[in-house]
Every structure is written in structure tokens, then in C-alpha cells.
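See below for the structure under consideration.
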Amino acid sequence: MPLSEYINNRDGVAGLKFIRRMYFMRMLGTFLCFIPIFSVLSEQHHSHGWLILLSVNAFIWPSVAFLLARRARQPLIVEHRSLVLDAAAGGFWIAMMSANPLPSVTIAAILLSDRLAAGGVELLRKAAGALIIGFLACWIARGMPFEPEISQRTAYATLPLIAIYVLAVSALTDSIAIKLRQKSDELGRIAMMDPLLDIANRRLLEPRIHHELNKIHQRHRLSALMFIDIDDFKDVNDHYGHKVGDSMLAAVAEILRRYTRQQDTPARLGGDEFVVLLPNTSVEEATAIGHVIMEQAALLQADHGIPYHCSLSIGIAFATREMTSATEWLKAADDALYTAKRDGKNRIFAC
Ligand SMILES: Nc1nc2c(ncn2[C@@H]2O[C@H](COP(=O)(O)OP(=O)(O)OP(=O)(O)O)[C@@H](O)[C@H]2O)c(=O)[nH]1
């Protein structure tokens, strides 16, 4: 992913960070390019004026480009323009060096690969065009000189550019890759969570149910699926509004998080329906957990000021070796819940 795409997805603070990073990279790049270009120009006895212009390009331009981007309404567009300008300047200095091969090829390759990383193929195309135009304009104006000889001094002067800049670009790319990985992990986590309550959703629950079924098929053990539904929840919404309904859902989710064990997976399926996967759990243990959850829900009215007595119906189903899918097990738990509701609500039915 090009840097610009990464930055486009981020807020202004991160955009500013990007501009700062580019400032550092431009300072480093122009300084490292300055050394071999200065070496060639002085060997070719260019006038002081050109050496001063080179110094301005190397030491003043990076700060100007940084300020332009910082003050711009659309800093990224301005920064991209500066990157294209950098490429044109690179072409110009290559022509001024009479296309001296080692520094010319090194500078062109670094400029172009850097632009590819920063703005993808589109920026690369623009930068390559600017580099060629900058080069041809200056080269033709100078009578198309070519200087194939490389002095030892220029060869050594090019080495820091090759070594240090390539390392710096790799370090920058690595730090961005780490950030992208962290972002992707965070997005993965969000995708598995219910957007309203801080609790797992079906996307996380179903693979876990499937995994548990596989375990049950491998070695015989008892595991339960608990289906929980708030009784007459529609009345809560109708009488007290959705906000109170939402607080009740959040409070029930909190109870499920607190009163289930570490190996359990409490999740919200949708609406006022919750499911808890209880691996390696006996009938007594599952029923005891169900009772604790119901007792805590009954306390919500007094403890959390929820203006409605909260009662729950719970259906518990144990996996059988015949069950092959999460859907089958969920259906068995849903059927158990239906029985609890039908028998008068505010109760547990286990099968
Ligand atoms: N506040 C709130 N309400 C929701 C949300 N999602 C679904 N609901 C409401 O939850 C209610 C679910 O009601 P049901 O489970 O069908 O019926 P009930 O009133 O609970 O009756 P029983 O299940 O028979 O006890 C509906 O009124 C939905 O509009 C939500 O995120 N927030």
C-alpha cells in the first residue's frame, strides 16, 4: 500500500506526522544527494553560482516544502507536488553532472522508488515524467554533454546515499508495516464485537461453537450452550424508551462478562438475545451459572436504577455427538429457551 493511501485513511494529526516524516526523509535525501553532486560539479569546474543553487536545493528547499505542506489546506496534494518537483530537480542535477553514470543512476533510482512507495504508480509516473523533463531541458541546453568517467572521490561520495538512504527507507517502511498490522488487528477485533455492547458477536461465537463441537467429537465431554432472552423487553422500550432499553442490554452484557468463567464465551446474537458457550461444563455447573446470571439481572433495578424489573429466561442445551454444526446446537438451545418462555418465563430449562 502506498504511503499516501495509508495516510488518506487517517486523521489530520497522522497527516501531519506524515508531512514531518517526509520532511526528515527529504532533508536526509537532499543532503546525501548533495555530496556526490557537489563532488562531480566541483570536479567539472562548474561556477560557484551552481554550487550555491545546489546548496539551496539541499539545505533550504526541504524546509520550504515542509512549510508549504503544513500551511496548505490539502497538505498531501502539496506534498505530492513537492515530491514531483524533487524529481524534476533530480533530473536537472543529473544533467548538470553530464549524466555521470554512478551518481546519476543512484539518484534517479532512489528518487523514483521513493515516489513509488509514497504515492504508488500514479506518483511514480508523474515523478518519472518530471525527472525526464528536468533532465532533457537542462541537458539539451548544455549541449548534451556525457561524462562517463567516475573519480574514486565521487564513487565514495555516492556510497552514503546508497547505504544510509536505503536503510532509512526500509526503517520507515517497517514502522508503517507495524502500524498497519496493529490497525488490521484492531479492525479484526472490532469485527468480532457487538457494536453497542462490549461483548462478542455471532462472528466470534460461531467458530468457537464449531471448535467445541470438534473437541466433543474427539473426546467425550459435556459442554453447554446457554440461550438467554430478556423477558418482555419490548415493554421496556415501549414504556421507558430505547435509551433505557439499551442500558438494560449493556447491564445484562456486563453481568455475562462478570459472572461467566474465563473459558466461557458470552455473546450477543442480536436484539435482546444472548448466548454463552460453556465448554467442559456439567448440568449442575451450567444451571448454577444460569441462576447467578438471573439473580444479578433481578438486582439491576435497585443497583443500576433501571426503572423496570429485569427477568431472564434461559435455555440450556448440551451438545450431543450427533450434532455436526453450530446451527444445530444453537437451535437446540433456542428450543430450550422457547420451552422456558412457554412455561411462564423467568426460569431455566435445560435439556
Ligand atoms: N433498546 C433496544 N431495543 C432493541 C434492540 N434490538 C432489538 N430491540 C428490541 O427488542 C425487542 C425484542 O422483543 P422480543 O424479544 O421479540 O419480545 P419480548 O418483549 O422480549 O417478549 P418475550 O421475548 O416473549 O419475553 C423488540 O422490541 C426490538 O425492537 C436494541 O439494540 N436496543
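Just follow the structure's listing: the first ligand is 1, and inside any ligand the first atom is 1. When reading the values below, keep in mind they use all heavy atoms of this one structure, side chains included, and skip hydrogens, waters and symmetry mates. We number each residue from 1, following the sequence as shown.
When hydrogens are left out, the protein atom nearest atom 22 (P) of ligand 1 is Lys341 NZ, 3.5 Å; that is the closest non-hydrogen contact. If you check which protein heavy atom lies closest to atom 18 (P) of ligand 1, you get Phe233 N, 3.5 Å. When only non-hydrogen protein atoms are considered, atom 2 (C) of ligand 1 lies nearest to Asp246 OD1, 3.3 Å. In terms of protein heavy-atom proximity, atom 24 (O) of ligand 1 is nearest to Lys345 NZ, 3.3 Å. Annotation: atom 3 (N) of ligand 1 to nearest protein heavy atom, Asn237 ND2, 2.9 Å. When hydrogens are left out, the protein atom nearest atom 6 (N) of ligand 1 is Gly271 CA, 3.3 Å; that is the closest non-hydrogen contact.
Note on ring orientation: taking the six-membered ring where Trp is involved, the planes of Phe92 and Trp50 are tilted (angle from 30° to 60°).
Near Ile230, meaning under 4.0 Å from one of its heavy atoms, ligand 1 places the atoms 20 (O), 25 (O). Within ligand 1, the atoms closer than 4.0 Å to a non-hydrogen atom of Gly245 are 1 (N), numbered from 1 in the order shown. Of all atoms in ligand 1, numbered sequentially from 1 with element shown, those under 4.0 Å from a heavy atom of Asp231 are 25 (O).
Between Glu285 and Ser282, the side chains place a donor N or O and an acceptor N or O closer than 3.5 Å (distance only, hydrogens not considered). Side-chain contact of Ser151 with Thr154: a donor-acceptor pair under 3.5 Å is present, judged by distance alone. No hydrogens or angles considered: nothing links the side chains of Ser63 and Arg26 as a donor-acceptor pair under 3.5 Å.
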Practice task
Dump the intermediate steps for side chain to side chain contact (heavy atoms under 4.5 Å, CB included) on Met97 and Ser104, then the final yes or no.
Solution key: CA-CA 8 Å; Met97 290 189 291; Ser104 299; 3.8 Å; yes
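Only the side chain of Asp272 comes within 4.0 Å of ligand 1, judged by heavy-atom distances. With a 4.0 Å heavy-atom cut-off, ligand 1 is reached by no atom of Glu273.
His46 places a side-chain N or O within donor-acceptor distance of the main-chain N or O of Met96, the cut-off being under 3.5 Å.
Two residues are said to be in side-chain contact when any heavy atoms from C-beta on lie closer than 4.5 Å; Thr281 and Ser223 fail this criterion.
The shortest heavy-atom contact between Ala286 and Leu278 is CB-CD1, 4.1 Å.
The heavy atom nearest to atom 5 (C) of ligand 1, out of those in Arg342, Arg268, Lys234, is found in Arg268. Evaluated by nearest non-hydrogen atom to atom 23 (O) of ligand 1, the leading choice among Asp229, Val236, Leu196, Asp194 is Asp229.
For Phe34 and Phe59, the ring centers are positioned less than 6.0 Å apart.
Distance check for atom 32 (N) of ligand 1: a protein heavy atom is found below 4.0 Å.
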